Protein chains: 2
Amino acid sequence: MTCLFSDQEKILHLLKGLSNQINPKFERCTGISSSRYELLYHLYQVDEVNQSTLQKAVNIDSAAITRHLKQLEVDGMVVRSKIASDNRVTLVRLTEEGRNRILGYKEEKVRFVNTMLNDFSKEELDMVTTMLNRMQNNISEL
Amino acid sequence: MTCLFSDQEKILHLLKGLSNQINPKFERCTGISSSRYELLYHLYQVDEVNQSTLQKAVNIDSAAITRHLKQLEVDGMVVRSKIASDNRVTLVRLTEEGRNRILGYKEEKVRFVNTMLNDFSKEELDMVTTMLNRMQNNISEL
DNA sequence: CATCAATAGTTGACGTATCAATTGTTGATA
DNA sequence: TATCAACAATTGATACGTCAACTATTGATG
């Protein structure tokens, strides 16, 4: 089965395939979805934020943010509260429970990424990073 | 807003963000989803295949394959037929219509990938390709 | 001060991917 | 030949992400 894709096209295919595989595997390995993890981990660092800055940090649609946070609140990982000075915004913060659990997830995540990037040198890591960033920039205004 | 992620973790984040952006943009630019495109394009090359080999080529879940092909059949891009020698398999092939349309999509796709990889040298393309392949291998048995 | 554009968050509709379970068929083997 | 494991395709449940439309609030400008 020959492949008539150009090099460029192959990269698109690879990218798609890789990230389709990552999500389920990440969750199986760590016990949490990668989006949820990023939300929690960001909260871990900043203590308290409103949703829209959280949205920018994690870079997924705000509709998805709302739904994730609602579920994380049900799960007791997160509390949401209104702020008096501006009734539009809702602040989000980790609960004690969430703060504790995130540490376990973090460990599993590190194990996961280390497996994935197991044989990568420091230089290679830098290279992929900048390349992925360049791709992102190149399509950012489409 | 400082970022306490390790280099490895950033790559995961980038990968996710990139591929989340790619899918909607690809569809806006080309007029077809990237999965559908890959299915059609593969069919264009092989003339006729059964679904499971198509599934392996495109590398998405067989449930998704079934649904895509059903819709593509409704859209008149594809025909599915049974084979006498083995009643389990269904063969898929492009219609004339599909065969014509894929060419237009192909052009738009090439334009899209060229934009995304606009400033990449041949060496860089090779490098990303092998790196993405390595990552895929590294997580393949998780 | 009234109006109106901008902002924060939410909801609904939709597309797509996964996994698990199911149906129907085939082929090997006891 | 009857049984049973393997296989192809399908379906149902679930999760995630996007976009577009909507609500409520805020703040600036006439």
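All of these numbers come straight from a predicted model, not from anything done at the bench. Letters A, B, ... are given to chains in the order of the sequence lines, protein chains preceding strands, and every chain is numbered from 1.
- In terms of phosphate contacts, H68(B) brings no side-chain nitrogen or oxygen within less than 4.0 Å of OP1 or OP2 of dG15(C).
- A salt bridge links D47(A) and R99(A); the closest N-O separation between the charged side-chain nitrogens and carboxylate oxygens is under 4.0 Å.
- With hydrogens and angles ignored, the 3.5 Å screen pairs a side-chain donor or acceptor of K25(B) with a backbone N or O of I139(A).
- Listed pair R88(B) / dT23(C) fails the phosphate criterion, with no side-chain N or O lying under 4.0 Å from OP1 or OP2.
- Comparing S85(A) and S33(A) against DNA chain D, the residue whose closest nucleotide sits nearer the 5' end is S33(A).
- Atom NZ in K25(A) sits about 11 Å away from atom P in dT18(C), given to the nearest Å.
- In this entry the distance linking CG of D61(A) with P of dG15(C) reads 16 Å, nearest Å.
- One interatomic measurement links the two molecules: CD1 of I83(B) to P of dC7(D), which rounds to 18 Å at whole-angstrom precision.
- Put simply, CG on N23(B) is 11 Å from P on dC19(D), counting in whole angstrom units.
- Remark: P of dA17(C) and CD1 of I65(B) are 8 Å apart, rounded to the nearest angstrom.
- Spacing between atom CG of L69(A) and atom P of dG9(C) amounts to 9 Å, rounded to whole angstrom units.
- For dG9(C), the OP1/OP2 oxygens have a side-chain nitrogen or oxygen of T90(A) closer than 4.0 Å.
- If E27(A) and R28(B) are placed on DNA chain D by their nearest nucleotide, the residue sitting closer to the 5' end is E27(A).
- Proximity note for D86(B) (side chain, C-beta onward) versus dT10(D), dA17(C), dT26(C): the nearest is dT26(C).
- Between N87(B) and dT26(C) there is a side-chain polar atom (N or O) within less than 4.0 angstrom of OP1 or OP2.
- Looking at T95(B), its side chain does come within 3.5 Å of a backbone N or O of M77(B) through a donor-acceptor pair.
- Here dT10(C) is the nucleotide among dA6(C), dA6(D), dT10(C) with the atom lying nearest to any side-chain atom of Q51(A).
- Side-chain atoms of I60(A) lie closest to dG17(D) of the nucleotides dG17(D), dT26(D), dG9(C).
- Of the candidate nucleotides dA9(D), dG12(D), dG9(C), dG12(D) has the atom lying nearest to any side-chain atom of A63(B).
- In terms of polar N and O atoms assigned as donor or acceptor, the side chain of R67(B) comes within less than 3.5 Å of the base of dT18(C) in a complementary pairing.
- Interatomic distance, CG of D75(A) versus NE2 of H68(A), reported as 12.0 Å (0.5 Å rounding).
- At least one side-chain nitrogen or oxygen of R36(B) sits closer than 4.0 Å to the OP1 or OP2 atom of dT16(C).
- In this structure, CG of N20(B) is placed 12 Å from C1' of dA17(C), rounded to the nearest angstrom.
- A donor-acceptor distance shorter than 3.5 angstrom exists from the side chain of Q55(B) to the backbone of I60(B), with no hydrogens or angles considered.
- Side-chain N or O atoms of E73(B) include one that pairs as donor or acceptor with a backbone N or O of R80(B) at under 3.5 Å.
- The interatomic distance linking Q71(B) (CD) with dT10(D) (P) rounds to 14 Å, in whole Å.
- Of the side-chain N and O atoms in S62(B), none sit less than 4.0 angstrom from OP1 or OP2 of dT10(D).
- For S35(A), no side-chain nitrogen or oxygen approaches OP1 or OP2 of dC16(D) to under 4.0 Å.
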